[in-house]
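In what follows, a structure is listed as structure tokens, so that the remarks can point back to it.
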Protein chains: 2
Amino acid sequence: MHASLFAMRLLMRKDSRLSRMLHVLIHMDQLNAPATSEKIASMLNTNPVVVRRTMAGLRDKGYVTSVKGHGGGWSLATPLSNITLLDIHNALGESSVFTIGLSDEHTSCPIEIAVNQAISDVLIEAEALLLERFRDVTLDVLAVGFADYPLNQKEI
Amino acid sequence: MHASLFAMRLLMRKDSRLSRMLHVLIHMDQLNAPATSEKIASMLNTNPVVVRRTMAGLRDKGYVTSVKGHGGGWSLATPLSNITLLDIHNALGESSVFTIGLSDEHTSCPIEIAVNQAISDVLIEAEALLLERFRDVTLDVLAVGFADYPLNQKEI
DNA sequence: TTTCATGTAACTTATGATGTTTCATAATGT
DNA sequence: ACATTATGAAACATCATAAGTTACATGAAA
């Protein structure tokens, strides 16, 4: 019967989309033809519609293109060397990288203010470091040495 | 009909327990008497049972004590100056501070390995920084200057 | 022995991304 | 033209789980 403030929390899952999409993009780089949503979905053991939803975000930022109809599918729009972890992280639209949140119930209570300020300072610093590191890594670096790894096998 | 691997993700909410519990602990420091679960629950606009569940973790680590019966409730077991943000963070038992996770489907694929290694390196470094900062802040610092803020008003 | 409080088990609810179905749209091949 | 293959997008169903709730046992104080 309580007015739930806990219920206002953002629901989020441990999100492996970054890892998965990087994986897919690098494999795509080794293909000559576009990869269909269906093909990518089977790589990721998920659903083609989910793939389209996720890839749409990358397309909107210009990292991949989509083509309809026969012979269509998804292709890289730019070399892997032009894409950083940060680019894909941002394109996936994560609201926050942290599971830790702040209380916002008693915004006039000086204790809550002090507590939130202390936590927030730390989160901001840690996130800045994380994003900086993500910006330093381009996808071509991750692909080095694996240019010949086969795409169409079950393992992928 | 796909074997869902996405479904294996950990579900987690944006967790404001750290912020809330710090807030509560500092207020408790200003009380002469134990705070009941009911009282704390009304502070946090939540349920007494939820409070007990959460406080139980802090009690197990020795930061608070609980007393049953008349005049019972929750009290600090140690001065605020002995408790750090890291202590409470750990006591709340968060599995990971990040919403970002790794793919673990194709553990023999060298691309997945390289991708996960890159992400993991960054997460580990950022988390280490965060925990280090949390360890530097004791709760008495957050309470400074607010010793006289009233507890029983609606605002808290 | 009544009251008040925590302790705990069992159950219900709320949430929202993922998963799914369906149809529209568009491009290619025959 | 028409069938086939692909994305686009809307609408709905599923699923996992923390939070919320109920109920009762346990223990301490008045």
Side-chain angles (χ1 to χ4, degrees), chain A residues 1-18 20-21 33-42 44-60 64-75 77 92-96 99-101 103 105, chain B residues 1-18 20-21 33-42 44-60 64-75 77 92-96 99-101 103 105:
Chain A
M1 206 59 79
H2 281 282
S4 168
L5 289 157
F6 276 89
M8 297 177 63
R9 292 177 186 174
L10 265 180
L11 188 69
M12 57 180 64
R13 288 166 185 276
K14 193 77 172 174
D15 192 343
S16 55
R17 287 180 304 156
L18 177 62
R20 290 154 162 274
M21 287 303 113
T36 66
S37 301
E38 184 114 29
K39 187 173 186 176
I40 295 170
S42 86
L44 297 178
N45 253 305
T46 184
N47 192 287
V49 178
V50 175
V51 171
R52 286 184 201 119
R53 281 203 284 243
T54 308
M55 295 293 281
L58 305 192
R59 183 194 53 215
D60 293 346
V64 297
T65 56
S66 60
V67 172
K68 287 183 174 182
H70 243 108
W74 301 89
S75 305
L92 291 175
E94 302 219 1
S95 50
S96 166
T99 58
I100 298 173
S103 166
E105 299 162 32
Chain B
M1 205 60 80
H2 280 282
S4 168
L5 288 158
F6 278 90
M8 294 176 66
R9 291 179 187 173
L10 265 180
L11 190 68
M12 56 179 66
R13 289 166 184 276
K14 192 75 173 176
D15 193 342
S16 55
R17 286 181 305 157
L18 177 61
R20 291 154 162 275
M21 285 304 113
T36 65
S37 300
E38 184 115 29
K39 186 173 188 177
I40 295 170
S42 85
L44 298 178
N45 253 305
T46 185
N47 193 286
V49 177
V50 175
V51 170
R52 284 183 204 122
R53 281 204 284 243
T54 308
M55 295 293 282
L58 306 190
R59 182 195 54 215
D60 293 346
V64 298
T65 56
S66 59
V67 173
K68 288 182 173 182
H70 245 111
W74 301 89
S75 305
L92 292 174
E94 302 220 0
S95 49
S96 166
T99 57
I100 298 173
S103 167
E105 300 162 32

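Residue numbering restarts at 1 for every chain, and letters A, B, ... go by the order of the sequence lines.
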inquiry  = Taking B/A56's backbone N and O only, do any of them form a donor-acceptor pair with B/S66's side chain (distance below 3.5 Å, no angle check)?
reply    = no

Rounded to whole Å, NZ of A/K39 lies from C1' of D/dT7 at a distance of 17 Å

With the side chain defined as heavy atoms from C-beta on, A/R52 is closest, among C/dT6, D/dA9, D/dA29, to D/dA9

Out of D/dT22, C/dG7, D/dA30, minimum distance to the side chain of B/N47 belongs to D/dT22

For B/T36, the side chain to side chain contact (heavy atoms under 4.5 Å, CB included) test, sequence neighbours excluded, returns B/E38, B/K39

Sorted by position of nearest nucleotide on DNA chain D, 5' first, the leading residue of A/S37 and B/G71 is A/S37

message: With a 4.5 Å cut-off on side-chain heavy atoms, are B/V51 and B/R20 touching?
response: no

Winner on side-chain proximity to A/V49, out of D/dT7, C/dA5, D/dA9, is D/dA9

Of C/dA5, D/dG20, D/dT4, the nucleotide closest to the side chain of A/H70 is D/dT4

_Looking at A/R53 and D/dG8, is any side-chain donor or acceptor paired with a base atom of the opposite kind under 3.5 Å?_
no

From CZ of B/R59 across to C1' of C/dT6 the rounded distance in Å is 8 Å

Between CZ of B/R17 and C1' of D/dA19 the distance, given in whole Å, is 11 Å

Requested in this report: Please determine if a side-chain N or O atom of B/S66 lies less than 4.0 Å away from the OP1 or OP2 oxygen of C/dA5.
Outcome: no

